[in-house]
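Just below is one structure, and these are the notes that go with it.
Atom set for the values below is all heavy atoms of this structure, side chains included, hydrogens, waters and symmetry mates excluded. These numbers were taken from a predicted model, which means no experiment stands behind them.
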Amino acid sequence: MTVIESTPARPAARVDLCRSAPPAHPRPDGSDRYTISEVAALTGLTAHTLRWYERIGLMPHVDRSHTGQRRFTNRDLDWLSFVGKLRLTGMPVADMVAYAEMVRAGEDTVDARRELLERTRTDVITRIAELQDTLAVLDHKIGFYADAREASRKG
């Protein structure tokens, strides 16, 4: 089995990465009022999914215009990007919602949030190892068939 090297989790800095902005947003802060269709286009999520995220508590409160239309911000885009990463880890939706609730609860939940993410990280490392084993089997089979084809040509 081949396992890729992984950087150990850094215990130090008490920075909530959910609050850190990704490199670029379509609009600068202050002018960042996106409609649900714009957010759907930017994130690849459907409007239905965005509404569902809000309904189940996975999405923080989204501001509304005077006509009641949702108006998302760059911070909402950052959160959705993070949620997308959590989805890729295979984290259950219930755990994502629990994490979102802990974020909203504030600083008293930092340790619990870290523990949840550490458990998820361990699960991801295990999945990576399983996928690498699977890749090795596929590579072996592909090589076998390539060798067999070459032998039949010479044959």
ask   = Looking at side-chain heavy atoms only, is the closest gap between Phe82 and Val103 below 4.5 Å?
value = no
request  = State which residues pass side chain to side chain donor-acceptor pair (under 3.5 Å) with Thr109; sequence neighbours excluded, sorted by chain then number.
outcome  = Arg113
request  = Share the residues that join Tyr145 in a hydrophobic cluster, the rule being Ile, Leu, Val, Met, Phe, Trp or Tyr side chains under 4.5 Å apart at the heavy-atom level.
outcome  = Phe144
ask   = Hey, is the main chain of Leu116 close enough, under 3.5 Å, to the side chain of Thr120 for a donor-acceptor pair?
value = yes
key: Non-neighbouring partners of Ala100 that pass side chain to side chain contact (heavy atoms under 4.5 Å, CB included), sequence neighbours left out   = Leu58, Trp79, Arg104
query = Side chains of Asp32 and His25: closer than 4.5 Å at any heavy-atom pair?
reply = no
ask   = Hey, what do you get for CD1 (Ile36) to CZ (Arg51), rounding to the nearest 0.5 Å?
value = 4.0 Å
key: Note, Val97 side chain near Val93 side chain (heavy atom, < 4.5 Å)   = yes
message = Run the salt bridge (charged side-chain N to carboxylate O under 4.0 Å, His left out) test against Glu38 and tell me which residues pass, sequence neighbours left out.
response = Arg27
key: Close side-chain approach of Leu45 to Val39, heavy-atom, < 4.5 Å   = no
message = Is there a side-chain contact between Arg121 and Leu117 in this structure, where contact means two heavy atoms from C-beta onward sitting under 4.5 Å apart?
response = no
inquiry  = Enumerate the salt bridge (Lys or Arg N to Asp or Glu O under 4.0 Å) contacts for residues 86-98, please, sequence neighbours excluded, ordered by first and then second residue.
reply    = none
key: Arg75/Asp78 ion pair, N-O < 4.0 Å   = no
message = Please enumerate all residues that pass side chain to side chain contact (heavy atoms under 4.5 Å, CB included) together with Gln69, with sequence neighbours excluded.
response = Ser65, Thr67, Arg71
message = Run the side chain to side chain donor-acceptor pair (under 3.5 Å) test against Asp147 and tell me which residues pass, sequence neighbours left out.
response = none
message = So, using side chain to side chain donor-acceptor pair (under 3.5 Å) as the criterion, who are the partners of Thr73 when residues are at least two apart?
response = Asp76
ask   = Ala40 and Ala47: which non-hydrogen atoms are nearest, and at how many Å?
value = CB-N, 4.2 Å
message = Please report the interatomic distance CZ(Arg114) to CZ(Arg119), rounded to the nearest 0.5 Å.
response = 11.0 Å
ask   = Quick one: side chain to side chain contact (heavy atoms under 4.5 Å, CB included) partners of Asp139, sequence neighbours excluded?
value = Leu135
key: Residue pair Trp52 / Thr46, side-chain heavy-atom distance below 4.5 Å   = no
Qualifying residues under side chain to side chain contact (heavy atoms under 4.5 Å, CB included), relative to Arg64, sequence neighbours excluded = Glu54, Arg70
task = Output all residues satisfying side chain to side chain donor-acceptor pair (under 3.5 Å) with Arg127, sequence neighbours left out; order by chain, then residue number.
result = none
